[in-house]
Amino acid sequence: QVQLVESGGGLVQAGDSLRLSCAASERAFSNYGGVGWFRQAPGKEREFVAAINWSGGSTNYVDSVKGRFTMSRDNAKKVVYLQMNSLNAEDTAVYYCAARWFGGTYNTPESFHFWGQGTQVTVSS
């Protein structure tokens with residue numbers, strides 16, 4: 001069984017930055033079709049944030065984070081990062097890392113088969 005582990009969440013002030021990390025415990029990310037970040041705030045549905053096509057390296061972002069959030073991976077391709085800049089209160093949520101096999105769509109939770117436990121990001125103003 002594959003386990004994904006997120007880290008890097010915390011409490012920050014508006015305008016600050018955080019970098020979230022996601023690592024796979026049993027398999028390299030290169031064995032998957034893509035990796036994504038989703039978030040869920042209380043009372044809201046899980047929302048797509050960002051994703052990367054592992055083979056091609058192309059990235060996609062939800063409009064609300066474009067220009068502020070950036071996905072990347074380390075040289076060994078074992079860790080995925082989400083650099084979050086200019087955070088605001090609307091970014092407050094539990095952030096989940098997820099991985100999918102080839103196929104499906106990058107922005108739908110149903111396409112992702114493996115999920116982490118989530119890491120809390122809280123932005124105060």
Side-chain angles (χ1 to χ4, degrees):
Q1 182 76 287
V2 176
Q3 182 178 1
L4 303 179
V5 181
E6 305 100 332
S7 62
L11 173 63
V12 299
Q13 295 181 344
D16 285 352
S17 299
L18 281 174
R19 189 180 72 165
L20 306 183
S21 301
C22 174
S25 61
E26 299 182 2
R27 186 174 292 125
F29 281 117
S30 59
N31 294 316
Y32 299 93
V35 180
W37 287 96
F38 296 79
R39 65 186 180 186
Q40 188 166 23
K44 297 184 179 180
E45 296 182 357
R46 189 161 298 186
E47 174 192 24
F48 165 76
V49 178
I52 183 170
N53 182 311
W54 204 253
S55 295
S58 61
T59 55
N60 293 277
Y61 304 91
V62 67
D63 287 343
S64 61
V65 308
K66 288 182 178 178
R68 299 189 298 119
F69 291 9
T70 303
M71 279 195 70
S72 63
R73 60 191 180 187
D74 69 343
N75 292 333
K77 300 182 181 180
K78 293 180 64 66
V79 184
V80 169
Y81 303 101
L82 182 67
Q83 178 67 43
M84 306 186 297
N85 298 326
S86 301
L87 287 164
N88 55 60
E90 287 69 42
D91 297 316
T92 295
V94 177
Y95 284 71
Y96 298 90
C97 177
R100 61 176 175 86
W101 299 111
F102 289 97
T105 56
Y106 65 84
N107 60 346
T108 58
E110 293 77 13
S111 295
F112 290 78
H113 301 84
F114 310 101
W115 293 82
Q117 291 289 96
T119 184
Q120 177 71 50
V121 173
T122 303
V123 184
S124 63
S125 59

Between [X] and [Y], is any pair of side-chain heavy atoms under 4.5 Å apart?
| X | Y | answer |
| --- | --- | --- |
| E47 | V62 | yes |
| W115 | R46 | yes |
| V65 | R39 | yes |
| C97 | V35 | yes |

Indicate the atoms forming the closest heavy-atom contact of [X] with [Y], along with that distance.
| X | Y | result |
| --- | --- | --- |
| V12 | S17 | CG1-O, 4.4 Å |
| L87 | R68 | CA-NH1, 3.9 Å |
| P109 | N107 | CD-O, 4.0 Å |
| G104 | S111 | CA-OG, 3.5 Å |
| Y96 | G116 | CD2-O, 3.5 Å |
| F69 | Y61 | O-CE2, 3.4 Å |

Any donor-acceptor pair under 3.5 Å from R73 side chain to W54 backbone: yes

As a quick check of understanding, evaluate side-chain contact (heavy atoms from CB on, under 4.5 Å) for E6 and L20, giving each step before the final call. CA-CA 7 Å; E6 305 100 332; L20 306 183; over 6 Å; no

[atom2] on [Y] to [atom1] on [X], rounded to 0.5 Å:
| X | Y | atom1 | atom2 | result |
| --- | --- | --- | --- | --- |
| T92 | L11 | OG1 | CG | 8.5 Å |
| K66 | T59 | NZ | OG1 | 9.5 Å |
| M71 | N60 | CE | CG | 10.0 Å |

Please state whether the rings of F38 and F112 are parallel, tilted or perpendicular, taking 30° and 60° as the class boundaries. perpendicular

Should the ring pair F114 and W101 be called parallel, tilted or perpendicular, given that the plane angle runs from 0 to 90° and is split at 30 and 60? perpendicular

Would you check, one step at a time, whether the test side-chain contact (heavy atoms from CB on, under 4.5 Å) holds for M84 with D91? CA-CA 9 Å; M84 306 186 297; D91 297 316; over 6 Å; no

State yes or no: do L18 and V94 share one hydrophobic cluster built from I, L, V, M, F, W and Y residues joined by side-chain heavy-atom distances below 4.5 Å, directly or via other members?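 Yes, L18 connects to V94 through the hydrophobic network.
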
Do we get R19 above Y81's six-membered ring, with its NZ or CZ under 6.0 Å from the centre and within 45° of the axis?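 Relative to the ring axis of Y81, which defines the angle, R19 lies inside both limits.
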
Would the number of heavy atoms belonging to other residues, nucleotides or ligands and lying under 6.0 Å from CD of Q117 be above 12?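 No, because the 6.0 Å sphere around CD of Q117 holds 12 heavy atoms or fewer from other groups.
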
Please lay out, stage by stage, how S124 and T122 fare under the test side-chain contact (heavy atoms from CB on, under 4.5 Å). CA-CA 7 Å; S124 63; T122 303; 5.7 Å; no

